[in-house]
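Just the heavy atoms: all of them, side chains too, but no hydrogens, waters or symmetry mates, feed the values below.
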Amino acid sequence: MYQDNVILCASSAYEKKYYLNEDFSSLPKQVKDELQIMCVLYTEEIGGILTLYFDEDGNLEFEVRCDEGDLLFDEIGSVLKIKQLREDKKDLLEALELFFKVFYLGEEIR
C-alpha cells in the first residue's frame, strides 16, 4: 500500500510549529501529546527541523535537517538527543511501529 516514507509528525525551530499528519488523528490524545512534547522540546534544545516518519517497512525513523549556515544548530547534541529519545521512548516508538504495520501496512500480529 505504502511505497514511500509516511510522515508521522514534524517540528521546526525556525517556524516554531509542530505538525501531526492528519492520517494519524485517530491516535490516543496521550500519544499525540507525547509526540508533540518530544518533538518540540528536541527542536527547542537542538534547533533545526525534526521529522518522524515510517519507512516502507514500517520502521519509525528520525530525520534532522537544519538551514545552511545555522550556527546555533547542535549537530553533536542532535545525535546524542536522538539516541536518548530512542532509549527513553522505546515503548512508545515500538507501539507506533506496531500500530503502523497493522493498520496501515496490513500486517498480522505474530
Side-chain angles (χ1 to χ4, degrees):
M1 180 178 189
Y2 292 97
Q3 295 186 352
D4 294 322
N5 296 335
V6 177
I7 293 175
L8 171 62
C9 59
S11 181
S12 171
Y14 307 118
E15 296 182 19
K16 303 286 188 214
K17 290 187 179 180
Y18 171 79
Y19 165 79
L20 175 68
N21 185 337
E22 61 187 37
D23 290 347
F24 298 98
S25 62
S26 65
L27 287 171
K29 182 177 179 354
Q30 181 180 356
V31 171
K32 292 188 284 190
D33 290 347
E34 195 167 345
L35 284 170
Q36 182 174 4
I37 291 167
M38 179 178 77
C39 291
V40 170
L41 286 177
Y42 171 92
T43 54
E44 285 297 311
E45 181 179 337
I46 305 297
I49 300 168
L50 174 66
T51 305
L52 273 62
Y53 68 90
F54 294 101
D55 66 15
E56 61 273 358
D57 296 323
N59 300 310
L60 187 57
E61 302 292 340
F62 289 68
E63 178 183 81
V64 178
R65 295 184 315 264
C66 66
D67 287 348
E68 190 174 327
D70 182 354
L71 300 177
L72 298 176
F73 180 74
D74 184 358
E75 194 168 333
I76 294 171
S78 173
V79 173
L80 296 173
K81 186 69 173 179
I82 288 174
K83 182 179 178 183
Q84 177 191 6
L85 289 173
R86 286 192 180 277
E87 290 174 12
D88 294 348
K89 304 291 184 181
K90 182 179 180 184
D91 292 340
L92 171 67
L93 301 175
E94 287 177 354
L96 286 165
E97 285 181 347
L98 181 61
F99 173 84
F100 185 78
K101 288 176 182 178
V102 170
F103 290 102
Y104 289 83
L105 299 181
E107 293 183 12
E108 293 185 23
I109 300 174
R110 294 179 208 136

Side chains of residues 57-68: which donor-acceptor pairs under 3.5 Å do they make with residues two or more places apart or in other chains?
from	atom 1	to	atom 2	distance (Å)
N59	ND2	D55	OD2	3.3
E63	OE1	R65	NH1	2.7

* Asked: Who passes side chain to side chain contact (heavy atoms under 4.5 Å, CB included) against L71, sequence neighbours left out?
  -> none
* Which residue pairs pass the ring-ring contact (aromatic ring centres under 6.0 Å, His included) test with at least one member in residues 20-51, sequence neighbours excluded? -> F24-F54, F24-Y104
* Asked: In chain order, what residues pass the side chain to side chain contact (heavy atoms under 4.5 Å, CB included) check against V79, with sequence neighbours excluded?
  -> none
* If two hydrophobic side chains count as joined below 4.5 Å and joins carry through other members, does L8 share a cluster with L98? -> yes
* To do: To the nearest 0.5 Å, tell me how far S11 OG sits from Y19 OH.
  => 13.5 Å
* Mind checking the CG-OG spacing from L27 to S25? Nearest 0.5 Å is all I need. => 8.0 Å
* To do: Treating Ile, Leu, Val, Met, Phe, Trp and Tyr as nodes and any side-chain heavy-atom pair under 4.5 angstrom as an edge, say whether I37 and L96 lie in one connected cluster.
  => no
* Among all residues two or more places apart in sequence or in another chain, which pass the side chain to side chain contact (heavy atoms under 4.5 Å, CB included) test with K17? -> E15
* **Single-linkage hydrophobic cluster, 4.5 Å side-chain cutoff, Y18 and L52 together** => yes
* Quick one: are D4 and E56 in side-chain contact, heavy atoms under 4.5 Å? -> no
Could you tabulate the donor-acceptor pairs under 3.5 Å formed by side-chain atoms of residues 80-91, not counting sequence neighbours?
from	atom 1	to	atom 2	distance (Å)
K81	NZ	E45	OE1	3.2
Q84	NE2	D88	OD2	3.3
K89	NZ	E34	OE2	3.1

* Asked: Residues in salt bridge (Lys or Arg N to Asp or Glu O under 4.0 Å) with E44, at least two apart?
  -> K16
* Asked: With Y14, which residues qualify under side chain to side chain donor-acceptor pair (under 3.5 Å), at least two apart?
  -> D70
* **Single hit among Q30, K29, Q36 for side chain to side chain donor-acceptor pair (under 3.5 Å) with D33** => K29
* Is V102 reachable from Y53 through a run of I, L, V, M, F, W or Y residues, each pair having side-chain heavy atoms under 4.5 Å apart? -> no
* Indicate if M38 and I49 have the same hydrophobic cluster label, given that clusters are the connected sets of ILVMFWY residues with side-chain heavy-atom separations under 4.5 angstrom. => no
* To do: Determine whether more than 12 heavy atoms belonging to other residues, nucleotides or ligands lie under 6.0 Å from atom CG of L20.
  => yes
* For the pair F100 and V6, evaluate side chain to side chain contact (heavy atoms under 4.5 Å, CB included) and give the outcome as yes or no after the intermediate values. => CA-CA 10 Å; F100 185 78; V6 177; 4.0 Å; yes
* Do you know the tightest heavy-atom contact between G48 and F73? -> N-CD1, 3.8 Å
* What residues form a side chain to side chain donor-acceptor pair (under 3.5 Å) with T51, not counting sequence neighbours? -> none
